[in-house]
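Report on the following structure.
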Amino acid sequence: MNAKKHFETEAIRNQTERSQFSEHSTPLYLTSSFVFDDAEDMRASFAEENEKNLYSRFSNPNTTEFVDKIVAMEGAESGYAFATGMAAIFSTFGALLKSGDHIVSARSVFGSTHTLFTKYLPNWNIETSYFKVDEVDRIESLIQPNTKIIYAETPTNPAVDILDLELLGKIAKKHNLLLVIDNCFATPYLQQPIKFGADIVVHSATKLIDGQGRVLGGVAVGKEDLIREIYLFSRNTGPAMSPFNAWVLSKSLETLAVRVDKHCENALKVAEYLENNSNVNWVKYPFLRSHPQYEVAKKQMKFGGNIVSFELNGGIEAGRNFLNKIKMCSLSANLGDTRTIVTHPASTTHSKLSEKDRLEVSITDGLVRISVGLEHIDDIINDLDQALKN
Ligand SMILES: *Cc1c(COP(=O)(O)O)cnc(C)c1O
């Protein structure tokens with residue numbers, strides 16, 4: 001019997017074949033290349049007549065193990081691992097688009113992805129049109145004869161808005177477009193966009209997949225023929241994940257489910273606490289009933305994730321004061337770490353945008369983003385509470 005295993009089991013038992021040493025836990029294969037038995041073996045490997053590793057820019061046992069786990073968790077056919085999340089996103093566009101193509105994207109996407117759309121892809125004559133999260137009914141009107149890809153993240157960064165994956169999947173199918181979803185905030189544990197019609201799912205493995213703020217990584221998974229294109233592009237352009245990072249990340253996946261369960265439990269408590277604080281205008285968390293897309297979040301996510309956003313009374317100054325009063329939580333650019341991290345986008349990551357442009361992506365001056373960690377919930381809330389007191 002070859003029953004499909006559960007998520008937690010795939011993350012633990014999907015393992016590279018043991019070496020002659022019968023190690024229990026997969027070792028690190030730090031090798032740039034691999035050897036062949038004879039001329040025929042070498043010929044066959046280069047002709048891809050076998051599955052042998054040739055060179056670690058193409059594949060390596062550690063990256064293969066990491067990718068195989070993500071493929072199983074996302075319900076994908078195939079995948080490829082990258083040095084960073086941005087390498088995964090850029091290589092997906094590089095492999096699947098050509099000059100003259102067009103993208104329809106949600107306006108709220110990760111900062112560097114937005115820079116790709118506005119600064120670099122236009123150099124290759126690839127343009128992007130945008131829809132806001134509350135304007136999904138406009139998506140079809142943005143589609144042009146040369147549109148190839150619909151692109152979105154959900155939940156979005158930093159405002160944790162939710163886009164309806166089922167709706168995006170239907171629109172992509174109807175117009176014969178590729179749906180590419182950045183699933184970084186949800187992880188494959190909470191949400192599998194392929195079920196709703198995504199063709200490619202990309203991740204920054206740097207965030208919750210590592211979960212401990214140690215290594216960078218990225219991965220793209222999806223349909224076999226598309227991943228083949230992404231693989232060929234990447235094996236020639238060189239954004240491969242290092243074996244060491246793949247080894248770390250594959251171990252991280254073994255604990256993804258238990259970690260993310262706890263992250264979500266803590267985040268919901270933080271969101272509920274903030275909802276009852278009089279210095280807070282509003283709180284957004286996908287699994288709070290007050291979230292505008294609560295029903296959609298419930299439909300497509302297992303739990304609400306670890307990111308909570310809220311707005312302080314008092315704009316930019318209040319945001320800066322809040323950060324200065326924080327004692328335990330970290331002021332840092334990462335997210336999805338064991339350590340709780342607070343950021344104030346208007347004075348940091350998004351300070352170069354005008355107030356109007358910030359509002360386009362739902363960033364008000366008093367918006368604070370919390371990546372809720374795994375410390376004891378009372379300690380997290382105590383720190384936030386003392387920082388929120390006037
Ligand atoms: C961090 C992040 C990325 C980029 O990932 P890197 O590993 O930093 O290159 C892409 N998308 C989202 C949603 C992210 O949070």
Side-chain angles (χ1 to χ4, degrees), residues 85 105-115 117-118 130-136 138-139 151-165 167-168 181-187 190-191 204 207-208 263-264 267-268 270-272 274-275 277 280-298 300-301 303-316 318-319 322-323 332-336 340-372 384:
S105 171
R107 180 63 189 80
S108 299
V109 290
F110 186 70
S112 296
T113 308
H114 186 247
T115 306
F117 289 153
T118 52
Y130 307 97
F131 59 92
K132 290 202 266 181
V133 285
D134 56 358
E135 300 176 337
V136 285
R138 272 191 64 224
I139 297 176
Y151 185 89
E153 294 169 14
T154 178
T156 64
N157 178 31
V160 284
D161 289 310
I162 300 288
L163 283 160
D164 188 336
L165 289 171
L167 177 75
L168 295 180
I181 298 292
D182 180 335
N183 201 26
C184 174
F185 271 37
T187 79
L190 298 179
Q191 170 175 284
S204 166
K207 313 296 166 57
L208 284 156
H263 274 292
C264 295
L268 182 61
V270 166
E272 284 166 354
L274 290 168
E275 248 190 346
N277 189 299
V280 171
N281 282 339
W282 50 255
V283 184
K284 233 194 265 167
Y285 182 68
F287 270 36
L288 273 186
R289 267 176 205 288
S290 55
H291 192 290
Q293 295 102 12
Y294 170 77
E295 294 300 331
V296 180
K298 281 270 171 178
Q300 65 196 30
M301 296 176 77
F303 303 117
N306 85 315
I307 310 291
V308 179
S309 70
F310 68 95
E311 191 190 54
L312 286 165
N313 289 326
I316 295 238
F322 174 75
L323 288 198
S332 175
N334 197 16
L335 62 91
T340 298
I341 296 168
V342 294
T343 52
H344 178 232
S347 70
T348 57
T349 47
H350 293 72
S351 61
K352 291 199 184 76
L353 298 184
S354 68
E355 193 179 344
K356 182 176 161 287
D357 285 347
R358 281 201 293 269
L359 286 178
E360 284 263 306
V361 287
S362 319
I363 296 172
T364 59
D365 283 350
L367 181 87
V368 174
R369 183 190 79 185
I370 309 181
S371 165
V372 180
L384 299 176

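Count residues from 1 along the sequence.
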Under 3.5 Å: donor-acceptor pair, side chain of [X], backbone of [Y]:
| X | Y | answer |
| --- | --- | --- |
| Glu360 | Arg107 | no |
| Ser332 | Ile341 | no |
| His263 | Val372 | yes |
| His344 | Ala346 | no |
| Glu275 | Val283 | no |

Next item on the list: Run the numbers on His350 and Asp357 for side-chain contact (heavy atoms from CB on, under 4.5 Å), then give the verdict.
Entry: CA-CA 9 Å; His350 293 72; Asp357 285 347; over 6 Å; no
Next item on the list: Decide side-chain contact (heavy atoms from CB on, under 4.5 Å) for Val136 and Leu167; before the verdict, give the C-alpha distance in whole Å, the side-chain angles of both, and the deciding distance to 0.1 Å.
Entry: CA-CA 9 Å; Val136 285; Leu167 177 75; 3.8 Å; yes
So [Y] and [X], do their side chains get closer than 4.5 Å, heavy atoms only?
| X | Y | answer |
| --- | --- | --- |
| Thr154 | Val296 | no |
| Trp282 | Thr364 | yes |
| Leu163 | Gln293 | no |
| Phe287 | Lys298 | yes |
| Thr349 | Pro158 | no |
| Leu268 | Leu288 | yes |
| Leu367 | Arg358 | no |
| Val308 | Leu274 | yes |

Rounded distance [0.5 Å steps], [atom1] in [X] versus [atom2] in [Y]:
| X | Y | atom1 | atom2 | answer |
| --- | --- | --- | --- | --- |
| Leu323 | Ser347 | CG | OG | 6.0 Å |
| Leu190 | Gln300 | CG | CD | 11.0 Å |
| Glu295 | Ile162 | CD | CD1 | 12.0 Å |
| Ile139 | Leu168 | CD1 | CG | 5.0 Å |
| Ile316 | Glu355 | CD1 | CD | 7.5 Å |
| Ile307 | Tyr285 | CD1 | OH | 9.5 Å |

Next item on the list: Could you give me the CA-CA distance, side-chain angles and deciding distance for Phe185 and Ser371, then say whether side-chain contact (heavy atoms from CB on, under 4.5 Å) is met?
Entry: CA-CA 10 Å; Phe185 271 37; Ser371 165; over 6 Å; no
Closest heavy-atom contact between [X] and [Y]?
| X | Y | result |
| --- | --- | --- |
| Asn306 | Gly336 | ND2-CA, 3.8 Å |
| Ala267 | Gly305 | CB-O, 3.4 Å |
| Met301 | Pro286 | SD-CB, 4.4 Å |
| Cys184 | Lys207 | SG-CG, 3.4 Å |

Checklist line | Flag for Gln191-Asn183: side-chain donor and acceptor within less than 3.5 Å | finding: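 Per modelled atom types, Asn183 and Gln191 side chains form a pair under 3.5 Å.
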Item checked: Geometric class of the Tyr130/His114 ring pair [parallel <30°, tilted 30-60°, perpendicular >60°] ->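 It falls in the tilted class, 30° to 60°.
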Next item on the list: Would you please test Tyr151 and Thr113 for side-chain contact (heavy atoms from CB on, under 4.5 Å) and show each step?
Entry: CA-CA 10 Å; Tyr151 185 89; Thr113 308; 3.8 Å; yes
